[in-house]
Amino acid sequence: MNADAVLRLLAETYPRARTALAHETPFQLLVATMLSAQSTDAGVNRVTAELFRRYPDARAFARLEPEELESHIRTLGLYRNKARHIIATARKLVEEYAGEVPRTREELERLPGVGPKTANVVLANAFGVPAIAVDTHVHRVANRLGLARASDPLRTEQQLMAVIPEALWAPAHHWLIWHGRQVCHARKPRCEGCPLEPHCRYARERASTREPMIGGS
DNA sequence: ATCCCGAGGG
DNA sequence: CCCTCTGGAT
């Protein structure tokens, strides 16, 4: 593997890759992240622009009826679960945290509809807590590049944090996800034109064996 | 037709 | 561990 090269390329391509969820407060980032499952940033940003204008904070969301929220987020998929969870979380925030978002992983994961991935995104992007959330894409890309080698997401996160300088953890998280979606697909990766191809173990195996051993997920 | 930046529930 | 929820992108 070639961690230095990967990190250098990461720094170069990151500004173009950044597809952050639009938000102005930790609560808004929490909601946007909960909406992002099985959806695109563009789609989420499109609905939250209107949503956050009308319902800017946890207190406003806590008063929402599910049907009302569903009508805003229907195009994002999984809308019933998302609406139910977001409202339940908003109500819990109002009742137990004075409408604010808690800052610990344990408290975040106790909110309805908030799991390890969502908690990590909020911790890293709203509260500056060092973390690299490992999802399907992060895991696959890291494996292919040789930055991490594990079937266990926790182990992968630790390996990534060991290889990547702390200042780059947040960018790396965004970049790995973006790259996994746009370029390094599970099935049909677009290795042609990928700036990492010369450093990528997967690309090498793919070129030589026609059936690479390093897979997705 | 197939896959998805996830969580809850059986 | 496996299933389900959903529309949208490819």
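The chains referred to below are lettered A, B, ... by the order of the sequence lines, with proteins before strands, and numbering in each begins at 1.
Listed by first and then second residue, the side-chain hydrogen bond (donor to acceptor under 3.5 Å, both in side chains) pairs involving residues 66-76 of chain A are A/Tyr55-A/Glu68 (not counting sequence neighbours).
Listed here is the closest heavy atom pair of A/Phe52 and A/Ala22: CE1-O, 4.1 Å. Nearest heavy-atom pair, A/Ile164 versus A/Ala172, reported as atom, atom and distance to 0.1 Å: CD1-CB, 3.9 Å. Contact record, A/Asn120 with A/Ala131: OD1-CB, 3.5 Å, taken as the closest heavy-atom pair.
The existence of a salt bridge linking A/Glu50 and A/Arg53 is confirmed by a sub-4.0 Å separation between a basic side-chain nitrogen and an acidic carboxylate oxygen.
Sequence order on DNA chain C of the closest nucleotides to A/Tyr79 and A/Lys188 puts A/Tyr79 first from the 5' end.
One can place CG of A/Leu78 at 15 Å from P of B/dG9, the figure rounded to the nearest angstrom. The interatomic distance linking A/His185 (NE2) with B/dT2 (P) rounds to 17 Å, in whole Å. For the pair A/Arg187 CZ and B/dA1 C1', the interatomic distance rounds to 11 Å; values are reported in whole Å. Going from atom CG of A/Leu21 over to atom P of B/dG6 covers 11 Å, rounded to whole Å. Nucleotide B/dG6 holds its C1' atom 12 Å from the NE2 atom of A/His173, rounded to whole Å.
Comparing the same atom, P, in C/dT6 and in B/dG10 gives a spacing of 16 Å after rounding to whole Å.
Put simply, the side chain of A/Leu160 reaches to within 4.5 Å of the side chain of A/Val138, judged on heavy atoms.
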Show every donor-acceptor pair shorter than 3.5 Å between a side-chain atom in residues 183-194 of chain A and any protein atom, with sequence neighbours excluded, or say none if there are none.
unit_1, atom_1, unit_2, atom_2, d
A/His185, ND1, A/Arg181, O, 3.3
A/His185, NE2, A/Gln182, O, 3.3

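Heavy-atom neighbours of A/Glu24 CD from other residues, nucleotides or ligands within 6.0 Å: at or below the threshold of 12.
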**Test side-chain hydrogen bond (donor to acceptor under 3.5 Å, both in side chains) applied to A/Asn81 and A/Arg84, step by step** = CA-CA 5 Å; A/Asn81 286 337; A/Arg84 182 164 41 88; 2.6 Å; yes

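Residues of residues 101-124 of chain A having a heavy atom closer than 4.0 Å to DNA chain C: none are found. Using a 4.0 Å cutoff on non-hydrogen atoms, no part of residues 49-73 of chain A comes near DNA chain C. Looking at residues 80-94 of chain A, you'll see A/Arg80, A/Asn81 sit with a heavy atom under 4.0 Å from some atom of DNA chain C.
Chain A approaches DNA chain C within less than 4.0 angstrom (heavy atoms of the protein), and the contacting nucleotides run 5' to 3' from C/dC5 to C/dT10.
Here the straight-line distance linking atom CG of A/Leu78 with atom CG of A/Leu35 works out to 10.5 Å at 0.5 Å rounding. The CG atom of A/Leu76 sits 7.5 Å away from atom CZ of A/Arg46, with the distance rounded to the nearest 0.5 Å.
Cluster membership check: A/Ile177 does not share its hydrophobic cluster with A/Val121, using side-chain heavy-atom separations under 4.5 Å among Ile, Leu, Val, Met, Phe, Trp and Tyr.
Checked by atom type, the side-chain pair A/Glu107/A/Thr104 shows a donor-acceptor distance below 3.5 Å.
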